[in-house]
Amino acid sequence: MRTILAGLALCSAVASTALAAEPPPELIAYGKTLVEAGDCAGCHTADPAKPFAGGKRIDTPFGAIYAPNLTPDSGTGIGAWTDADFTRAVRTGVAPDGSNYYPAFPYPYFTRMTKDDTLAIRAYLGTLAPVVSRNKPPELRWPFGYRGLMRVWNAMFFKPGLFEPDQSQSAAWNRGGYLVTGLGHCGACHTPKNYFGADKTAQALSGSEVGGWYAPRLDGAARTGLKSWSAEDITEYLQSGRNAKSHAGGLMAEVIVNSTSKMSDADVRAIATYLKSLPPSRRETIVTPPDEAEMKAGQAVYAKLCIACHEADGSGAPRIYPPLPGNALLQSVNPSSTLRIILDGAHTVTTPRAPNTGEMPGYAKQLSDDEIAAVTNYMRNSWGNAGPLVTPSQVAKARKQD
């Protein structure tokens, strides 16, 4: 009888401990906002019916990796992880078994997160439906498949440490800095990389090619950055996917739908406050205008196919058809995004704040490489714009990336 009573007492104690360990609803809700701000679903969801179950292919210059399962399945997900396991993985890039993650998982940014925020994220992930989904091995070129090399990479390029608030700046600026340089990992796409895939920190947020698109400058460059954008322009863009100056496309459209459009007004404004404070981290490219024949050839294509929506003066219809004069992305040193849009067309992203749709047809089959190069050069160098010359060979290369 005493054994039975002792067993019941033990079970009761275990149950009480389990109940005490259950995260409070407020922490779970806060964790959800952090998961959305970090766009975790964007990489860790391959099948929309199985959110956060991993399996999504992520291509890098060194080969492909597959995002792991973040659901609380104990065998294939993170259900058996301790809080310490999770914190170490997120903030230092080290798995529970001691192996190193590749920096396609943006732990070099997440290291700036507080421990409390990290555990709030874990609390939310623990409420997801467990999904059995085994992690796929990476498909990296030799010798990058040897994870031991990551110890060398980390020694050279990884600087662990929390985000350090600047006491001379406002609370909004510091919150924006925390989100941009930490949880939001904006530089993972918008900062150019060196030969080893590490950020060129001296050129932070000055633009980089990713996935066949160009993630444009987020610093204060006059022609190709955000100098001409107000904080309100940035806020509107992140919340709705468009503003009076531009529309989101490609990977950025996904970020807006999955992440920034769901963030609080205060956090999006904080990001805008921080970005507007950034000076140019490198000089604008000096541009030599195309010759007269190239401009005439491009104007002919523009008059035939583009003028109906974008108008003769390029003014378009803001928030419906993006205006072209002063368009920072259009004038970027790297024309990848412009070429992708001309080749494939564009679909205006829809968000709760901007639910109306818009379409632009693709011209890959209708136009030659020479014609696409000409019309691109015309738009990049008309109405006061100045963009480096695009060649037919660049168009051909972009066409092969379809």
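Only this structure's heavy atoms are used, side chains among them; waters, hydrogens and symmetry mates stay out.
Thr71 and Asn69 share a side-chain donor-acceptor pair at under 3.5 Å. Between Tyr30 and Asp116, the side chains place no donor N or O within less than 3.5 Å of an acceptor N or O (distance only, hydrogens not considered). For the residue pair Asp267 / Tyr178, no side-chain donor-acceptor distance below 3.5 Å is found, with atom types taken as modelled. Between the side chains of Ser206 and Arg282, at least one donor N or O lies within less than 3.5 Å of an accepting N or O. Checked by atom type, the side-chain pair Asp219/Ser281 shows a donor-acceptor distance below 3.5 Å. No side-chain donor-acceptor contact under 3.5 Å links Ser382 and Asn385. Remark: the Asn356 side chain and the Arg242 side chain contain an N/O donor-acceptor pair separated by less than 3.5 Å. Checked by atom type, the side-chain pair Asn334/Ser336 shows a donor-acceptor distance below 3.5 Å. In the model, Asp199 has no side-chain atom that pairs as donor or acceptor with a side-chain atom of Thr201 under 3.5 Å.
Between the side chain of Ser332 and the backbone N or O of Pro216, no donor-acceptor pair lies under 3.5 Å. In terms of modelled atom types and a separation under 3.5 Å, the side chain of Glu294 and the main chain of Asp291 share no donor-acceptor contact. Side-chain atoms of Arg380 never come within 3.5 Å of backbone atoms of Leu389 as a donor-acceptor pair (strictly under, hydrogens ignored). In this structure, Thr45 contributes its side chain and Pro51 its backbone to no donor-acceptor pair below 3.5 Å. When atom types are taken as modelled, the side chain of Lys276 and the backbone of Ser230 share no donor-acceptor pair closer than 3.5 angstrom. Counting only distance, with no hydrogens or angles, the side chain of Ser99 and the backbone of Ala95 share no donor-acceptor pair below 3.5 Å. Looking at Glu284, its side chain does come within 3.5 Å of a backbone N or O of Ala222 through a donor-acceptor pair. The backbone N or O of Asp233 lies less than 3.5 Å from a partner atom in the side chain of Asn243, making a donor-acceptor pair. Under a 3.5 Å cut-off, the side chain of Thr118 and the backbone N or O of Thr114 do form a donor-acceptor pair. Judged by distance alone, with hydrogens and angles left aside, the side-chain atoms of Arg141 form a donor-acceptor pair with the main-chain N or O of Pro61 at under 3.5 Å.
The two residues Val390 and Asn377 come nearest to each other via the heavy atoms N-OD1, 2.7 Å. Contact detail for Ile65 and Pro138: the closest heavy-atom pair is CG2-CB, 3.9 Å. When every heavy atom of Tyr107 is checked against every heavy atom of Ala89, the shortest pair comes out as CB-O, 4.3 Å. Scanning both residues, Gln394 and Leu339, for their nearest heavy atoms gives O-CD1, 4.0 Å. Contact record, Leu34 with Ala120: CD1-CB, 4.0 Å, taken as the closest heavy-atom pair.
If you take CZ on Arg399 and NZ on Lys397, they are separated by 15.0 Å, rounding to the nearest 0.5 Å. To the nearest 0.5 angstrom, Thr235 atom OG1 is 9.5 Å from Leu275 atom CG. With values rounded to the nearest 0.5 angstrom, Arg147 atom CZ is found 8.0 Å from Asn100 atom CG. Rounding to the nearest 0.5 Å gives a distance of 9.0 Å between OG1 of Thr127 and CD of Glu22. A distance of 5.5 Å separates CG of Leu125 from CG of Leu70, quoted to the nearest 0.5 Å.
Taking the six-membered ring for Trp, Tyr378 and Trp383 have ring centres closer than 6.0 Å. Ring to ring, Phe105 and Phe110 are close: their centroids are under 6.0 angstrom apart.
Heavy atoms from other residues, nucleotides or ligands lying under 6.0 Å from NZ of Lys32 number 12 at most. Applying the 6.0 Å contact sphere to OH of Tyr321 captures no more than 12 heavy atoms from other residues, nucleotides or ligands. Residue Glu292 qualifies as open at atom CD: its count of foreign heavy atoms under 6.0 Å is 12 or below.
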Test log, rule side-chain contact (heavy atoms from CB on, under 4.5 Å), inputs Lys262 and Val257: CA-CA 8 Å; Lys262 298 179 179 181; Val257 170; 6.0 Å; no
For a side-chain contact (heavy atoms from CB on, under 4.5 Å) check, start with the C-alpha distance between Met263 and Leu179, then their side-chain angles and the critical distance, and finish with the verdict. CA-CA 11 Å; Met263 294 171 65; Leu179 292 169; 4.1 Å; yes
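In this structure, the side chains of Leu226 and Arg217 stay at 4.5 Å or more apart for every pair of heavy atoms. Val35 has its side chain within reach of Phe52: a pair of non-hydrogen atoms, C-beta onward, lies under 4.5 Å apart. Between Ile341 and Trp213, some side-chain heavy-atom pair lies under the 4.5 Å cut-off.
A salt bridge links Arg57 to Asp59: one of the charged nitrogens lies within less than 4.0 Å of a carboxylate oxygen. Under a 4.0 Å N-O distance rule, the pair Glu236/Arg319 qualifies as a salt bridge.
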Output a table of donor-acceptor pairs, distance under 3.5 Å, between side-chain atoms of residues 156-166 and any protein atom two or more places apart or on a different chain; print 'none' if there are none.
unit_1 : atom_1 : unit_2 : atom_2 : d
Asp166 : OD1    : Ser168 : N      : 2.9
Asp166 : OD1    : Ser168 : OG     : 2.6
Asp166 : OD2    : Ser168 : OG     : 3.4

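Applying the ring pair (Phe, Tyr, Trp, His ring centres under 6.0 Å) rule to Trp81 yields no partners; only residues at least two apart in sequence or on another chain are considered. Under the ring pair (Phe, Tyr, Trp, His ring centres under 6.0 Å) criterion, Tyr237 pairs with Trp229, sequence neighbours left out.
For the side chain to side chain contact (heavy atoms under 4.5 Å, CB included) criterion with Gln239, the lone passing option out of Thr351, Asp265, Ile256 is Asp265.
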